[in-house]
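A note on names: the letters A, B, ... follow the listed sequences, proteins ahead of strands, and every chain is numbered from 1.
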Protein chains: 4
Amino acid sequence: MNEPTLTRAERQRIQLQADILEAAFLEFSERGYHQTAISDIAKRLGIGHGTFYRHFENKRDILQHVISDTMQKIMSLLTGENAPQAVNNIEEYREQCQRISERFRLFAQENPLTLKLLLLEATSIDAEMTRFIQNLMQMAGIFTANYLKHGVDSGFFRENLDCENTGHNIIGMITNGALRFLANPEDLNGLKNYGDSIIELIIGGVAKPSA
Amino acid sequence: MNEPTLTRAERQRIQLQADILEAAFLEFSERGYHQTAISDIAKRLGIGHGTFYRHFENKRDILQHVISDTMQKIMSLLTGENAPQAVNNIEEYREQCQRISERFRLFAQENPLTLKLLLLEATSIDAEMTRFIQNLMQMAGIFTANYLKHGVDSGFFRENLDCENTGHNIIGMITNGALRFLANPEDLNGLKNYGDSIIELIIGGVAKPSA
Amino acid sequence: MNEPTLTRAERQRIQLQADILEAAFLEFSERGYHQTAISDIAKRLGIGHGTFYRHFENKRDILQHVISDTMQKIMSLLTGENAPQAVNNIEEYREQCQRISERFRLFAQENPLTLKLLLLEATSIDAEMTRFIQNLMQMAGIFTANYLKHGVDSGFFRENLDCENTGHNIIGMITNGALRFLANPEDLNGLKNYGDSIIELIIGGVAKPSA
Amino acid sequence: MNEPTLTRAERQRIQLQADILEAAFLEFSERGYHQTAISDIAKRLGIGHGTFYRHFENKRDILQHVISDTMQKIMSLLTGENAPQAVNNIEEYREQCQRISERFRLFAQENPLTLKLLLLEATSIDAEMTRFIQNLMQMAGIFTANYLKHGVDSGFFRENLDCENTGHNIIGMITNGALRFLANPEDLNGLKNYGDSIIELIIGGVAKPSA
DNA sequence: AATGAATGAGCGTTCATTCAT
DNA sequence: TATGAATGAACGCTCATTCAT
């Protein structure tokens with residue numbers, strides 16, 4: 001541990017940076033990037049707005065930081081217990097899906113602003129930021145594909161499954177669920193049903209089994 | 001035909017309005033709404049920027065018009081030949097999906113800026129516009145659900161299908177495909193594969209048929 | 001009479017000019033010169049606003065005409081029956097004052113916008129217009145002085161009366177009455193009392209007669 | 001004295017505010033409110049025009065401040081030594097009038113722009129400002145009435161004097177004098193005579209004493 | 001290091017005036 | 001002659017950024 005070697009001033013500096021990031025995140029996601037003035041962020045913290053420029057290059061710079069931070073949060077969602085390798089048959093997969101679905105729902109409820117920022121706000125700042133979000137989606141799709149590959153390898157998914165594209169398909173459904181949640185944050189039951197229908201679609205499609 | 005009854009001045013007026021709308025559409029979708037000044041729109045057309053205000057109330061007003069216009073384009077995509085009732089079994093459904101998929105791909109190639117404006121730009125102008133887009137997605141989902149209901153009624157989709165949510169699921173996948181296309185406009189083959197994987201997922205899911 | 005020699009077109013032209021003047025007067029006095037756009041005047045008449053420029057040089061020009069017109073109205077107030085020579089003693093003078101006072105009150109009630117335009121609005125258009133109003137006041141003072149001179153000459157006013165300045169004094173009191181009326185247009189009784197107090201002050205001053 | 005407790009920054013801030021007010025006063029009264037741009041005020045001071053908005057809400061806001069300031073100046077005119085109670089008979093009253101008259105003339109010479117702003121310019125900014133000026137005149141009239149009431153109570157003015165209306169009469173005469181001065185600022189002698197004629201009119205009216 | 005006063009580029013919008021039809 | 005479309009100067013106001021304290 002080398003953290004104790006930080007001087008008090010250094011720790012204060014780091015704390016202030018984190019506070020500014022937090023305030024910027026809240027302002028950007030609540031009122032939108034363009035509607036947020038640097039002074040709004042400073043006011044929220046009770047600091048002078050000149051101080052802001054001691055810690056971040058400019059407005060665009062802190063957005064980058066905020067988005068990166070936010071991405072960390074999202075990424076952490078996709079790690080942990082529900083690993084691809086944890087399931088061995090279609091029934092276990094369905095249960096895993098349900099666990100992941102619930103986890104996502106929980107995340108959405110706890111972090112609606114994060115979703116709003118990433119899916120609605122960050123898409124239209126500038127070309128670079130748009131690309132950033134697109135990359136994020138791409139990574140999420142590839143990540144999802146891993147689950148599918150495991151299913152194919154384990155023999156409980158069909159062999160001809162286009163794992164990568166299907167992974168992106170799934171991310172599309174999840175993303176749309178997030179957007180629907182943002183439009184109707186209080187309809188938790190509807191969100192649950194939406195998630196369930198994703199799972200059923202993934203596993204069994206729409207066709208009549210006998211068909 | 002009553003168009004010939006329009007005076008020349010009226011025709012000019014209508015033409016100029018259309019030109020301004022077109023220019024605004026291009027500016028908004030290329031550089032973004034907030035980055036576009038009214039004078040940019042005027043400059044693109046070579047008109048005085050005061051002229052703009054003879055035809056549109058204000059900047060927000062023309063955005064509304066641009067988006068409404070754009071929505072018309074999108075809506076027209078969903079009408080016509082490929083009606084739900086046109087198919088009677090799973091194989092015809094798959095073929096219909098392929099036709100629709102191709103039609104979407106064509107639209108995407110011909111109207112990338114339309115997609116960009118709707119899916120990336122318009123989501124963060126203001127709360128009303130965000131809601132507008134969300135409604136559009138909602139309508140598209142319900143529209144899609146009609147296809148599914150027909151399949152259930154006709155007996156080639158499983159009876160317990162949650163048509164409405166699945167309709168939204170499908171819209172999510174399509175939307176993500178559009179975003180992926182915008183990130184990689186030249187990868188037409190990839191887009192085709194993405195569309196195919198949607199169709200396979202919809203019809204058969206991922207589970208091994210025998211399972 | 002040479003008016004019949006005017007062609008119909010000429011008569012129409014003159015009529016339209018008068019209509020524009022009337023409309024301009026109403027707009028200027030109701031909303032103020034700066035708050036009135038040429039198009040407001042045109043709209044009120046239902047004519048194209050380009051037509052305006054066929055009849056008047058520019059916005060400032062029509063104001064000049066409006067004010068001149070208005071001045072005519074005011075001037076006509078000061079002519080007619082109640083001539084200086086009509087009275088021979090202090091009592092007749094008082095009665096004449098009362099008649100004039102009543103006439104002014106009537107005028108105020110019938111032409112509040114005229115007063116508003118002259119006393120409130122026209123004072124701050126530009127230096128020339130201000131001078132114009134000041135001249136009007138000056139003329140009114142001199143005009144009033146004539147009544148006083150007649151009184152001195154006839155022996156019922158004191159010989160040492162500074163007629164000219166007193167004439168201006170009286171105009172000041174009348175003007176202030178007009179302003180007070182504009183602030184409280186419905187208090188007709190108050191206006192009457194104000195006028196009466198002017199008359200009493202003029203004739204007898206404030207000092208106790210015996211003093 | 002607690003002024004020394006102000007920091008230097010605070011003193012600078014207050015000074016700049018005062019400077020902006022002064023500059024706005026000069027611009028508004030010299031060229032008129034509508035003819036004055038914020039940038040004119042800034043240019044006069046050699047500051048950036050954005051700086052203006054650090055100290056005043058908007059253009060209308062500073063007008064209000066300027067007028068309020070100006071009103072203070074005017075109000076201070078009406079206080080002090082020449083109180084109503086200071087006189088006991090008609091001759092002392094006349095002398096008091098002369099002192100006040102002289103004081104007014106001095107004020108007019110020293111503050112011509114103040115008069116111009118209040119009497120010519122401020123009357124036509126908007127309805128609220130017009131009312132503001134009308135209230136000011138009303139208050140001045142009531143204030144003047146107090147002098148008259150004292151005279152009646154003390155027995156050297158006639159008992160039936162309508163003090164309030166006569167107070168307003170007097171204000172009308174004074175106001176007109178101010179306007180005449182603005183039209184002819186160099187004619188100090190004329191102004192003196194005008195004032196004298198007010199006094200004579202007030203005290204003795206125009207009627208021949210014997211009458 | 002923190003502050004907030006100052007700056008001025010930039011934008012949305014208005015409207016008097018011109019001129020082609 | 002009447003029209004109203006077009007124009008662009010002008011202005012109020014915002015806010016990201018700089019810098020002296």
Side-chain angles (χ1 to χ4, degrees), chain A residues 9-10 12-13 16 34-43 45-62, chain B residues 7-10 12-13 16-17 20 34-43 45-62, chain C residues 9-10 12-13 16 34-43 45-62, chain D residues 7-10 12-13 16-17 20 34-43 45-62:
Chain A
E10 281 168 331
Q12 274 187 345
R13 180 179 178 79
L16 180 51
H34 289 107
Q35 284 72 45
T36 299
I38 294 298
S39 61
D40 293 325
I41 298 171
K43 234 173 277 161
L45 281 177
I47 65 172
H49 67 272
T51 306
F52 171 89
Y53 286 91
R54 302 214 135 275
H55 296 273
F56 297 92
E57 282 287 303
N58 51 39
K59 192 181 174 184
R60 183 57 174 74
D61 177 47
I62 198 176
Chain B
T7 67
R8 198 154 83 85
E10 280 167 331
Q12 274 187 346
R13 180 180 180 79
L16 180 52
Q17 282 210 16
I20 295 175
H34 288 108
Q35 284 72 40
T36 299
I38 296 298
S39 62
D40 292 326
I41 298 172
K43 239 174 274 162
L45 283 177
I47 64 173
H49 69 271
T51 305
F52 171 90
Y53 287 93
R54 292 191 54 69
H55 296 273
F56 296 93
E57 284 285 304
N58 52 40
K59 192 181 174 184
R60 186 58 173 70
D61 177 46
I62 199 176
Chain C
E10 281 167 331
Q12 274 187 346
R13 181 178 177 80
L16 180 52
H34 288 108
Q35 283 72 42
T36 299
I38 294 298
S39 61
D40 292 326
I41 298 172
K43 235 175 275 161
L45 281 178
I47 64 172
H49 68 272
T51 306
F52 172 90
Y53 285 91
R54 303 213 134 275
H55 296 272
F56 297 93
E57 281 287 302
N58 51 38
K59 192 180 173 183
R60 184 58 175 72
D61 177 47
I62 199 175
Chain D
T7 67
R8 198 155 81 87
E10 280 167 333
Q12 274 188 346
R13 180 180 180 79
L16 181 51
Q17 280 210 18
I20 295 175
H34 288 107
Q35 284 72 41
T36 300
I38 296 298
S39 61
D40 292 326
I41 298 172
K43 239 173 275 162
L45 283 177
I47 64 173
H49 70 270
T51 305
F52 170 90
Y53 287 94
R54 291 192 56 69
H55 296 273
F56 297 93
E57 283 286 304
N58 51 40
K59 192 181 174 184
R60 185 59 172 70
D61 177 47
I62 200 175

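Atom CD1 of D:Ile62 and atom P of F:dG12 are 12 Å apart (whole Å). Taking atom NE2 of residue C:His55 and atom P of nucleotide F:dT3, one finds them 8 Å apart after rounding to whole Å. A straight line from NZ of D:Lys43 to C1' of E:dG8 spans 13 Å, rounded to a whole angstrom. Atom CG of C:Leu45 and atom C1' of F:dG4 are 16 Å apart (whole Å).
Taking every heavy atom of both residues into account, D:His49 and D:Ser39 meet most closely at CB-CA, 4.2 Å. Residue B:Tyr53 comes nearest to B:Asn58 through the heavy atom pair CE2-CA, 3.9 Å, listed as atom of the first residue, atom of the second, then distance.
The CG atom of A:Leu45 sits 10.5 Å away from the CZ atom of A:Phe52 when rounded to the nearest 0.5 Å. With rounding to the nearest 0.5 Å, the separation of NE2 in B:His55 from CD1 in B:Ile47 is 7.0 Å. Remark: B:Ile20 CD1 to B:Ile38 CD1 distance equals 9.5 Å, nearest 0.5 Å.
Note on A:Leu16: only backbone sugar-phosphate atoms sit closer than 4.0 angstrom, heavy atoms only; bases stay farther off.
Partners of C:His34 under the side chain to side chain contact (heavy atoms under 4.5 Å, CB included) rule, at least two apart in sequence or in another chain, are D:His34, D:Gln35.
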**Request:** Encode nucleotides 13-21 of chain F as B, S and - characters from 5' to 3', where the letter depends on protein heavy atoms closer than 4.0 Å: B to the base, S only to sugar-phosphate, - to neither.
**Result:** BB-SBB---

**Message:** Could you spell out the base pairing of DNA chain F as a dot-bracket line? Use Watson-Crick and G-U wobble contacts where both distances are under 3.5 Å, [ ] for crossing pairs, | for partners on a different strand.
**Reply:** .||||||||||||||||||||

